[in-house]
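The structure under discussion appears below in the form of structure tokens.
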Amino acid sequence: MKDVAAAAGVALKTVSRFVNAEPGVSPATAERVAAAIERLGYRRNESARVLRRGRTATIGLVIEDVADPFYSEIGRAVEDVALRHGSLVFSGSSGEDPRRERELVLAFCARRVDGLVIVPAGTDHDYLLPELDAGVAAVFADRPGGLDADTVLSDNAGGAHAGVTHLIRHGHRRIAFLGDRTAIFTAAERLRGYRRALSDAGLPADGTLIATGPPERAGAALDRMLAEPDPPTAVFAGNGRITVALLRSGHRPPLVGFDDFELADLLTPGVSVVAQDPAGLGRTAAELLFRRLSGETGPARRIELATRLVPRGSGELRP
DNA sequence: CGAGATCAAACGGTCACCTG
DNA sequence: CAGGTGACCGTTTGATCTCG
């Protein structure tokens, strides 16, 4: 900047004004400064700018797994919004481990991110309080966090209710629920939606038709249910990985799965799903974050995004 | 009065150097 | 040897000044 000022024959301050499009630079001077910038190949040093301004124009994103398409779609949407606000995104995978989530978040904070979008792995977020006090903004996405902050969720219970009701309408009375561990908020919510759908339809709750646990065990769990005297005639799968695990283990039951996935429409029959809007989750979370960063105050918001039932064949099979 | 110059003080951390 | 001091990195910002 000093060199540009010397080359253009103006003061440092004038270059700064020009670079930041501030008023007070005459067109003639601006032209000389622009020419000097062009000639010297000057680009503003962002580190120095950060040093002075206190804002780093970066945000941190903690998701469960960057390799999981559901979360990478969230990540992409967050990135798009961030870019529009002149920010870059650091992202990391918690792997569903609260300790790792905390390490990532604190590492981002140590690099002085302006804000955070977090898919919580744990339920205790007291470790965030000092950071929030220091002015870092935080938004929870996909699941609620352990403190009162802006949160964006999918309507998990409502989506599961719609999916199970769809199976009931097609004549099923005994519907299995294969879900992830209920310690995970979304899994518990979907189970709640399943139960409500059964009771709304006047069907009995049968605990032997419910299995929760890691997705890779879903196939075996369904095998056990099918070996019982009064087996289920349809399956509601609690997330995309469970749906895929079931299909991989050779099962083709009447089925509705939570979460859409690639090629679901190309199978025979097509797999009916309750689709979430992961891009919507990411976009909404990032937009809330940038609103806070631009000074919006007021109580924490909680936004719930609708899900969409996508019938493709597997959910319309009769008993 | 407006355009622009000049000056100094930050920002947060690192590092060389000095003191006791 | 520990601990303290001050310069330094590049930019922004505000105060103040100059000149036509």
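As the structure is a prediction and not an experimental result, all values here were calculated from the model.
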Counting only side-chain nitrogens and oxygens, does [X] get under 4.0 Å of the OP1 or OP2 atom of [N]?
X: A:R112; N: B:dC11; answer: no
X: A:S16; N: C:dT12; answer: yes
X: A:S26; N: B:dG2; answer: no
X: A:Y42; N: C:dT11; answer: yes

May I have the distance from [X] (atom [atom1]) to [N] (atom [atom2]), rounded to whole angstrom?
X: A:R49; N: B:dC11; atom1: CZ; atom2: C1'; result: 14 Å
X: A:M1; N: C:dT13; atom1: CE; atom2: C1'; result: 12 Å
X: A:K13; N: B:dA10; atom1: NZ; atom2: C1'; result: 13 Å
X: A:R17; N: B:dT6; atom1: CZ; atom2: P; result: 12 Å
X: A:L12; N: B:dC7; atom1: CG; atom2: P; result: 12 Å
X: A:E46; N: C:dG10; atom1: CD; atom2: P; result: 15 Å

Check whether the side chains of [X] and [Y] place a donor and an acceptor atom closer than 3.5 Å, and report yes or no.
X: A:E131; Y: A:H125; answer: no
X: A:Q276; Y: A:D260; answer: no
X: A:N156; Y: A:S154; answer: no

Sugar-phosphate, base or nothing in reach of A:V50, heavy atoms under 4.0 Å: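 Touches nothing.
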Least distance between heavy atoms, A:R143 atom then A:A121 atom: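 It is NH1-CA, 4.2 Å.
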Proximity to the side chain of A:A11 - top-ranked nucleotide from B:dG4, C:dG10, B:dT6: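 Looking only at side-chain atoms, A:A11 lies closest to B:dT6.
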